[in-house]
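First the structure, in the form of structure tokens, and then the observations on it.
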Number of protein chains: 2
Amino acid sequence: MNILIADDHPFTLQGTKSFVESYGYKVLDTCSNGVSALNLIKLHSPDIAILDINMPGLDGLDVTKKVQESKLKTKIILLTMHKEMTIYKKAKEYGIYGFILKEHAQSELEKCLQEVKKGNRYVSLFLEEDLISDNPNENNALSKLTLSERKIIELITQQKTSKQIAELLFLSEKTVEGHRSNIIEKLGLPKEKNVLLKWAIQNVH
Amino acid sequence: MNILIADDHPFTLQGTKSFVESYGYKVLDTCSNGVSALNLIKLHSPDIAILDINMPGLDGLDVTKKVQESKLKTKIILLTMHKEMTIYKKAKEYGIYGFILKEHAQSELEKCLQEVKKGNRYVSLFLEEDLISDNPNENNALSKLTLSERKIIELITQQKTSKQIAELLFLSEKTVEGHRSNIIEKLGLPKEKNVLLKWAIQNVH
DNA sequence: AAAAAATCAGGGGTTTCCCCTTGTATGATT
DNA sequence: AATCATACAAGGGGAAACCCCTGATTTTTT
């Protein structure tokens with residue numbers, strides 16, 4: 001098991017390395033940007049590459065894409081600070097093996113490595129909470145929504161209020177609010193204020 | 001030489017620890033927030049404390065201030081992601097011993113520790129450069145805001161409500177609301193609902 | 001000493017969001 | 001023909017969040 005680690009922050013890089021080694025794996029090499037990471041992967045084809053998403057130049061996602069395109073067999077684990085659904089969705093398309101949030105990484109990295117080693121995939125548990133509603137119907141949660149509902153959620157991502165949406169679509173504000181409720185139920189979102197806006201910002205586009 | 005390290009990101013914490021140990025120093029303890037850091041400092045009075053600036057609750061700066069006020073003899077080294085003049089100035093007044101940018105920390109931490117051990121102060125070389133380039137940078141709307149205000153707008157971009165922000169910063173909700181009003185006035189934003197969130201989403205980062 | 005920043009309080013007004021319910025139309029299922 | 005499911009529309013009610021204002025104290029900065 002050879003592992004490559006890439007992260008542009010020296011401290012985080014060292015931390016990751018340190019954790020990985022403490023689990024008993026061998027770290028083949030490390031680097032601090034996407035280009036180097038790609039080169040090293042091509043050169044040594046490590047079993048696993050742990051990549052930070054936010055890197056200058058080629059980011060973790062770009063590298064993943066190129067690794068897939070080149071049909072390299074290195075398995076990719078991505079590390080990210082924020083839970084951004086858009087990125088996760090893309091990452092899934094590119095065939096990543098692991099996806100972990102840095103905040104909780106400590107508790108998950110070891111398990112993730114175990115699973116990936118076996119050939120399985122592992123996604124941060126903290127991410128899946130938000131994905132429960134997202135997963136069952138393939139990659140697109142929006143597909144469950146009707147046309148009107150989709151129009152409305154589109155406008156919500158533009159930070160329009162129900163009132164503004166109502167005006168734009170020549171509807172009663174109440175109608176828009178009704179649609180909102182339906183959307184929330186369909187997606188199984190928690191009962192918070194502004195859930196829809198928060199969800200929309202992270203999931204649409 | 002006993003050293004305490006505080007950082008809310010597990011990876012960075014581990015990385016820092018790992019580096020420090022590799023230089024031959026002993027890490028007394030670590031923690032992930034300012035309150036714990038302060039308690040541990042009071043309890044064990046380590047020789048040196050390496051603190052991250054961005055932490056929930058008490059941040060590194062707050063801890064530094066309190067350490068100075070309590071006339072504790074622990075020497076503080078601050079780690080920061082962003083090079084903010086305001087913070088650096090304050091830090092200097094609170095009598096910090098070291099100030100390092102995370103990006104370049106690797107190359108500077110060891111030297112910094114050496115100097116601080118001798119009783120000298122050490123400031124990141126990369127900071128002075130950026131201080132110059134930061135000065136004429138008054139076009140930024142954020143530069144008009146005070147430190148507290150910036151903290152708050154940062155949390156607004158993360159879609160926190162005033163209540164949540166108040167909890168995170170240990171403030172009254174009223175204080176947060178007051179800051180919001182001030183920010184809105186300083187930026188000359190229109191009188192709409194949620195103006196701040198909308199503005200923040202589009203203008204910060 | 002004066003100005004600015006930070007903290008908090010009380011109270012008020014408005015908006016927005018969300019829930020629950022009702023109603024209609026349509027089209028598919030039984 | 002009757003039932004069922006679904007989309008769509010709209011209303012009432014309530015809680016939460018936001019914004020505003022005045023005023024006050026304390027700390028920090030200048």
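Both backbone and side-chain heavy atoms feed into the values below; hydrogens, waters and symmetry mates do not. A note on names: the letters A, B, ... follow the listed sequences, proteins ahead of strands, and every chain is numbered from 1.
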With a 4.0 Å cut-off, would you call B:Lys118 and B:Glu115 a salt bridge? yes
What are the bounds, 5' to 3', of the part of DNA chain C that sits under 4.0 Å from heavy atoms of chain B? C:dA5 to C:dT16
Whole-Å distance, A:Asn194 CG to D:dC18 C1', equals 11 Å
Heavy atoms, side chains only, cut-off 4.5 Å: are B:Lys186 and B:Leu145 in contact? yes
Is there a donor in the side chain of B:Ser124 and an acceptor in the side chain of B:Glu108, or the other way round, less than 3.5 Å apart? yes
With side chains defined as the heavy atoms from C-beta onward, is the minimum distance between A:Thr161 and B:Asn194 less than 4.5 Å? no
Of the listed nucleotides D:dA15, D:dG11, D:dC18, the one nearest the side chain of A:Lys193: D:dA15
Mapping A:Ser181 and A:Gln164 onto DNA chain C by nearest heavy atom, which one lands closer to the 5' end? A:Gln164
Across the strands shown, which category fits A:Leu197 at heavy-atom distances under 4.0 angstrom: base, sugar-phosphate, nothing? nothing
Table please: side-chain donor-acceptor pairs of residues 9-18 of chain A below 3.5 Å, with sequence neighbours left out.
from: A:Gln14; atom 1: NE2; to: B:Ser18; atom 2: OG; distance (Å): 2.4
from: A:Thr16; atom 1: OG1; to: A:Thr12; atom 2: O; distance (Å): 2.7
from: A:Ser18; atom 1: OG; to: B:Gln14; atom 2: NE2; distance (Å): 2.5

Taking five pairs at each end, how big is the angle between the two axes of the helix from C:dA1-D:dT30 to C:dT30-D:dA1, to 10°? 40°
Is the backbone N or O of A:Leu155 less than 3.5 Å from a side-chain atom of A:Gln158, with the two atoms forming a donor-acceptor pair by type? no
Are the side chain of B:Gln68 and the backbone N or O of B:Lys65 linked by a donor-acceptor pair below 3.5 Å? no
Going by the angle between their ring planes, with limits at 30° and 60°, are B:Tyr25 and B:Tyr23 parallel, tilted or perpendicular? perpendicular
Restricting to pairs with a member in residues 30-52 of chain B, which pass side chain to side chain donor-acceptor pair (under 3.5 Å), not counting sequence neighbours? B:Asn33-B:Ser36, B:Asp52-B:Lys102
Is A:Glu192 touching bases, backbone alone, or none of the nucleic acid, heavy atoms closer than 4.0 Å? sugar-phosphate
Just wondering, are more than 12 heavy atoms of other shown residues or ligands nearer than 6.0 Å to NZ in B:Lys198? yes
In whole angstrom, what separates B:Lys191's NZ from D:dC19's C1'? 9 Å
Rounded to the nearest Å, what distance is computed from the CD atom of residue B:Glu177 to the P atom of nucleotide D:dC19? 9 Å
Before accepting this row, confirm whether a basic side-chain N of the pair A:Arg180/A:Glu177 lies closer than 4.0 Å to the acidic partner's carboxylate O. no
Here the distance between atom P of D:dC18 and atom CD1 of B:Ile183, to the nearest Å, is 12 Å
Can you name the atoms? Protein N/O to nucleotides 5-9 of chain D N/O, anything below 3.5 Å, with the distance.
from: D:dC8; atom 1: OP1; to: A:Ser148; atom 2: OG; distance (Å): 2.5
from: D:dC8; atom 1: OP2; to: A:Thr146; atom 2: OG1; distance (Å): 2.5
from: D:dC8; atom 1: OP2; to: A:Ser148; atom 2: OG; distance (Å): 3.0
from: D:dC8; atom 1: O5'; to: A:Ser148; atom 2: OG; distance (Å): 3.1

Around atom CD of B:Glu185, are there more than 12 heavy atoms of other residues, nucleotides or ligands at under 6.0 Å? no
Measuring only between side-chain heavy atoms, which start at C-beta, is A:Lys66 closer than 4.5 Å to A:Leu58? yes
Listing time: all N or O pairs from protein to nucleotides 27-30 of chain D that are below 3.5 Å?
from: D:dT28; atom 1: OP1; to: B:Lys65; atom 2: NZ; distance (Å): 2.6

